[in-house]
Amino acid sequence: MPAAGVVVASALSNWVHRLGGPGLILLGLADNSLVPLPGSVDALTIILAAQRKEMWWYYAIMATIGGVVGGYLTFRLGHRGGEEALDKKIPQKRAKKVYSIFNKYGFWAIVVPALLPPPVPIVPFLLTAGALKYCRKRFIAALTLGRGVRYTIVAYLGRTYGGSILGFFSKYYRP
C-alpha cells in the first residue's frame, strides 16, 4: 500500500511540474490551506527557475499569486468561523497571547511568517487574521509583500544556483 502512495505522489508531482506557472498557483493554493505542503512551492519554484532561467520572474509572480489566493481563502475561513471557532482549537491562555500579539503587530504578524521558510507555519496567522476581522486590504497587502519577497528571492536563487542545487539533490537524494 505505501508503494501506491509513492506512485500517486510522484504522478501528482510530475503533473504539477508540467503545468509550470499555473502549477505553482495550484500548489500555492494547497500550501496555504488547512493541509499545508511545507516547502513544495519553494522546491517547484527553484526547479522551474533552474530549467528556464529567463522565466525566473514569471515563476516568482505565479508562486506569489498562488500563495496570496490560497492565503485569502484561509483568511475567509477564519473570518467565517470567528473568534469562537479559533477559541475551540487553541487553549484560552494561548489564544489571548496570540490575539494580543496580532492586535499589536497585525500587519507584521502576517508579513514575517509569509517571508520565513518551513517549518514556520503560516496557516495559524492567516486564520487568526480572519477570526479577528483584520482589514481585508491590509491583509492582502501584507501577504502579498511577504510572499512576493520570499518567492522573488527563491526564484532568483533557483535561476542563479538552481543547477548546483538540483545536482546536489540528484546525487544525494533518492525517492
Side-chain angles (χ1 to χ4, degrees), residues 1-52 55-81 85-86 89-90 98 109-131 139-140 142-159 161-162 164-170 172-175:
M1 195 64 140
V6 171
V7 170
V8 169
S10 177
L12 184 62
S13 173
N14 288 335
W15 180 71
V16 169
H17 180 260
R18 280 194 308 264
L19 287 175
L24 284 170
I25 292 177
L26 292 174
L27 210 50
L29 284 165
D31 186 42
N32 289 282
S33 71
L34 297 176
V35 186
L37 308 165
S40 58
V41 179
D42 297 335
L44 185 58
T45 302
I46 288 170
I47 291 167
L48 292 172
Q51 291 174 343
R52 297 198 55 202
M55 298 288 288
W56 72 272
W57 56 269
Y58 167 74
Y59 297 126
I61 291 169
M62 297 303 270
T64 301
I65 290 169
V68 172
V69 172
Y72 180 71
L73 295 175
T74 302
F75 169 84
R76 292 296 301 164
L77 284 174
H79 194 272
R80 187 171 297 142
L86 206 56
K89 296 182 189 258
I90 301 175
V98 169
I110 298 164
V111 173
V112 172
L115 277 168
L116 297 175
V120 175
I122 191 168
V123 172
F125 296 96
L126 303 175
L127 287 170
T128 301
F139 171 80
I140 291 171
L143 189 57
T144 302
L145 173 64
R147 287 301 195 197
V149 169
R150 175 180 172 168
Y151 292 132
T152 298
I153 291 169
V154 167
Y156 181 77
L157 290 173
R159 174 197 161 276
Y161 303 107
S164 300
I165 293 169
L166 296 177
F168 173 83
F169 281 110
S170 68
Y172 295 106
Y173 175 75
R174 300 278 184 258

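Side-chain atoms are counted along with the backbone in the values below, which use heavy atoms only and exclude waters and symmetry mates. By convention here, the first residue in the shown sequence is residue 1.
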- Parallel under 30°, tilted from 30 to 60°, perpendicular over 60°: which one fits the rings of Tyr156 and Trp56? perpendicular
- Side-chain contact test, heavy atoms from C-beta onward, threshold under 4.5 Å: evaluate it for Arg52 versus Tyr58 and give yes or no. no
- Message: Let me confirm one number: the CG-CG distance from Leu126 to Leu73, rounded to the nearest 0.5 Å.
- Response: 10.5 Å
- Query: What's the spacing between Asp42 CG and Arg150 CZ if we round to 0.5 Å?
  - Reply: 4.0 Å
- Would a 4.5 Å heavy-atom cut-off, applied to side chains only, mark Ile46 and Leu157 as touching? no
- Please determine which of Leu145, Val149, Thr144 meets the side chain to side chain contact (heavy atoms under 4.5 Å, CB included) test together with Val111. Leu145
- Query: Just how far is it from atom CD of Gln51 to atom CZ of Arg159, taken to the nearest 0.5 Å?
  - Reply: 15.5 Å
- Looking at Leu37 and Ala30, what are the two nearest heavy atoms and their distance? CD1-CB, 3.7 Å
- Message: On a heavy-atom basis, which atom in Phe139 and which in Ala129 lie closest, and how many Å separate them?
- Response: CD1-CB, 3.8 Å
- Message: Which heavy atom of Gly162 sits nearest to which heavy atom of Ala50, and what is that distance?
- Response: CA-CB, 3.5 Å
- Task: Rounded to the nearest 0.5 Å, what's the gap from CE on Met62 to CH2 on Trp57? Could you check?
- Result: 10.0 Å
- Query: Out of curiosity, Leu27 CG to Thr45 OG1, how far, rounded to the nearest 0.5 Å?
  - Reply: 8.0 Å
- Looking only at heavy atoms, which two atoms of Gly39 and Pro118 are closest? And how far apart? N-CG, 3.3 Å
- Item | Value rounded to 0.5 Å, distance of CG in Leu24 from CD1 in Ile61 | 11.5 Å
- Message: Which residue in the set Leu115, Asn32, Val41, Ile65 passes side chain to side chain contact (heavy atoms under 4.5 Å, CB included) when paired with Arg147?
- Response: Asn32
- Close side-chain approach of Tyr72 and Leu143, heavy atoms under 4.5 Å: no
- Message: Looking at every non-hydrogen atom in both residues, tell me the closest pair between Ala60 and Tyr151 and how far apart they are.
- Response: CB-O, 3.5 Å
